[in-house]
Amino acid sequence: MAQGEGAPRQRVLAAFAARHEARTLVSTALGTPDFDDLCWDLYPRVTRRYEADEAFSARRTEVLHAMEAGFSPDLTLPAAIASLLSVPGAGDGRPGSPVGQEGEDSRLSTPNRSGGGSDPGPRTPDPGAVARVAAAVAEANLRCHLITMGRLGVAYDVLPHESDILGRGFWKRAFELLQDSGAIRLETEGKNAGCWVMSLAESPEFAGMADADKILVRSNGIVTYTGKDIAYQLWKLGLLRDPDGTLHDFGYRPFARWQQAGPAAEVRYGTEGRELERTSADPAERPAGDTFGAGTRVYNVIDVRQSYPQKVVKEAIRVLGYPEAAEASVHFAYEMVALTPAAVKRLEATSGVSFGLSDEDLAKPFIEMSGRRGIGVEADALLATLVSEAGRAIAARQGEGVAPAALGERARAIAVGALRYQMARQSRNRVLAFDFDEALAFEGDTGPYLQYSAVRARKIFDKLAEHGLAGSAAEDAAAAGGLELPDGLWELVLACGRTDEMVAKAVSSLEFSLLASHAHDLAMLFHKLYHDNPVLHAPDEATRVLRRAVFRLFATTITDILEELLGIPVPAEM
RNA sequence: GCACCGGUGGCUCAAUGGAUAGAGCACCUGACUUCGGAUCAGGCGGUUGGGGGUUCGAGUCCCUCCCGGUGCGCCA
């Protein structure tokens, strides 16, 4: 598409507008290049040009300012694009420009791989229009993100927008509260002259710091991210009130609807089902029935590298006079996911692009991902590979007789199980060095091992039902009550009985690897017993009832842990 | 420099202060004509980074040193 006349930038803008209008900017199909893939490809190229081209770099500042300033709510995307297109010579049209042409592609266009020229073209003509386009780009990426997470069975209730924290006056009120409490002061001299800072010197948490002052408002009057985060945290805790007690809240507007068939099933976006809200700056817009914010306990699930700003936020809540709320503000920190050097080399080999890493970098135990440098694994691409590998494994075991629809669903379940278990099995404060071979493993200590145990257990009951021997939980309990359990079976019962305790421990320690490892323990015990404890072909009725009772307990326990707690779907067959 | 997190078999990871430090991968040897072999049984491989201390008992707690990572923006 977009093979019309005109300079590259004009073609891209026109194509963007057309596809936005046709609602084809974002795809719901796994494995096809999508809008976020395009951005992923473009980001490192644009970054390289920033580094190589000072004049081009200046444009970034202009665009960021335009985005900060925002745009009129009346400005539609077509109008914004029309405004940008009307600027004479809005594209430089030379082959060296960062966005070039390479023919048909399912995306907007394929970026040119060659480096850039030095003329950045005309200055940003219409900041409002630029901000409007930026908002559309952000929303398209957000929708891609939602679909990706939906594939993993993750749904959302509300999407708070940072711009609305300012737009709704949250920061304005938080700033007043901070001033009234004496928590911040305006610096009149020194390197922070003209800034509003929060002093952390008196807090033991920050003792020993070279500079114990955190700037919340810059000398140019613009609030920092941490400042906005304090206002946001006050809203989360229901502490953002006017002097008359009126609670501050966002406006809310429907963003999408979604459905999910079961606890670990894929989340699908469409026109039916539960509503996903986004915030708005207009308090007159109210959600249908849900309320948000004003929590008694707040978990901020953020990378461990945000520990320092998160501490500042917590400290701000405390000095504002809410020590209990500060204690109820929990930073659920997790270590980063990085790449093994082998994974990096594989990515370079696959993409044909060199990341330009030094030998020193490649000698490290892991390499940090970087969107700017294009170093990373795209979740959808990984999932697509997992699905195809799982499908292949199913076909190898079951022959070609599996209906394509059933095979697709089972392969998805196995792929999601493999991915989610790999993420869950490791404690959260250890760097997860991503390795392709490990991620694609389906045997051993993996998600599919756990899924297989659940599938196998259920198969026992399918077979029993065929012979009219399925029984019921109540019958088993009654019959097994007076019988003595052999050690192995008893061990499995005990382990199942420890589940509540393990859940409580996982919650109190915020360590969900405990659940993963508990599930693995259960599956391992079951698999060991499976061979020597046939149920259908049990030597006598009493033995059969005993085994049936224990395996029934296992089947329900493992399925609950996998689907309800770990979000790992249990497929019908594998 | 200060702060936080890691250091456990060749590799990737477990282990509320408590039993002989457990799993998986890799390597080697095996397994039911029966509910599915993505499984199971067995073997090989560890002075838990070094040193000191507390304790009846330390991978785990304290001190110290070494190695690796991250954070300490008028970025978000």
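These figures come from a predicted structure and were not determined experimentally. Just so we're on the same page: letters track the sequence lines, and every chain starts at 1.
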[X] [atom1] to [N] [atom2], straight-line distance once rounded to whole Å:
X	N	atom1	atom2	result
Lys463(A)	rC35(B)	NZ	P	6 Å
Gln451(A)	rU39(B)	CD	C1'	15 Å
Glu438(A)	rG10(B)	CD	P	18 Å
Lys214(A)	rG71(B)	NZ	P	14 Å
Gln426(A)	rA23(B)	CD	P	19 Å
Asp229(A)	rG73(B)	CG	P	16 Å
Asp303(A)	rG71(B)	CG	P	9 Å
Lys311(A)	rC4(B)	NZ	C1'	7 Å

Do the side-chain N or O atoms of [X] get closer than 4.0 angstrom to the phosphate oxygens (OP1, OP2) of [N]?
X	N	result
Arg397(A)	rA38(B)	yes
Asn429(A)	rG6(B)	yes
Arg218(A)	rC75(B)	yes
Ser427(A)	rA14(B)	yes

Using the [atom1] atom on both, measure [N] against [M] and round to a whole Å.
N	M	atom1	answer
rC74(B)	rC66(B)	P	31 Å
rG51(B)	rU12(B)	P	23 Å
rC63(B)	rC5(B)	P	12 Å
rA3(B)	rA21(B)	P	35 Å
rA19(B)	rC13(B)	C1'	23 Å
rG49(B)	rG7(B)	P	8 Å
rU20(B)	rG57(B)	P	15 Å
rU54(B)	rC62(B)	C1'	7 Å

Just checking [X]: base, sugar-phosphate only, or nothing, at a heavy-atom cut-off of under 4.0 Å?
X	result
Glu501(A)	nothing
Ile222(A)	nothing
Ile394(A)	base
Asn533(A)	base
Glu573(A)	base
Lys191(A)	base
His527(A)	sugar-phosphate
Tyr449(A)	sugar-phosphate
Tyr530(A)	base
Thr340(A)	nothing
Val431(A)	sugar-phosphate
Lys459(A)	base
Ala193(A)	base
Ser307(A)	nothing

From the list [options], which nucleotide is the closest neighbour of the side chain of [X]?
X	options	value
Ser517(A)	rC72(B), rC74(B), rA14(B)	rA14(B)
Val535(A)	rG37(B), rC35(B), rC72(B)	rC35(B)
Arg305(A)	rU16(B), rA38(B), rU70(B)	rU70(B)
Ile414(A)	rG68(B), rG36(B), rA38(B)	rA38(B)
Arg430(A)	rG6(B), rA38(B), rU34(B)	rG6(B)

Checking Asp361(A) against Ser358(A): is there a side-chain donor and acceptor pair closer than 3.5 Å? yes
Would you check if there is a donor-acceptor pair between the side chains of Tyr421(A) and His520(A) at a distance under 3.5 Å? no
So, Glu139(A) and Arg278(A), do they make that salt bridge, N to O below 4.0 Å? no
Using 4.0 Å as the upper bound for N to carboxylate O, is an ion pair formed by Asp437(A) and Arg346(A)? yes
Pairing partner of [N] (Watson-Crick or G-U wobble, both distances under 3.5 Å):
N	value
rA41(B)	rU29(B)
rA76(B)	none
rG71(B)	rC2(B)
rA14(B)	none

Under 3.5 Å, side chain of [X] to main-chain N/O of [Y], donor-acceptor pair present?
X	Y	answer
Arg151(A)	Ala379(A)	no
Arg372(A)	Thr47(A)	no
Ser513(A)	Ala424(A)	no

Hey, does the side-chain of Gln398(A) have a donor or acceptor N/O within less than 3.5 Å of a partner on the base of rG36(B)? yes
Heavy-atom donor-acceptor pair, Ser219(A) side-chain to rC74(B) base, under 3.5 Å: yes
Tell me whether the rings of Phe332(A) and Tyr299(A) are parallel (<30°), tilted (30 to 60°) or perpendicular (>60°). perpendicular
Pairwise 5' ranking along RNA chain B for Glu368(A) and Tyr452(A), keeping only the more 5' one: Tyr452(A)
Please enumerate all residues that pass ring pair (Phe, Tyr, Trp, His ring centres under 6.0 Å) together with Phe250(A), with sequence neighbours excluded. Phe170(A), Trp235(A)
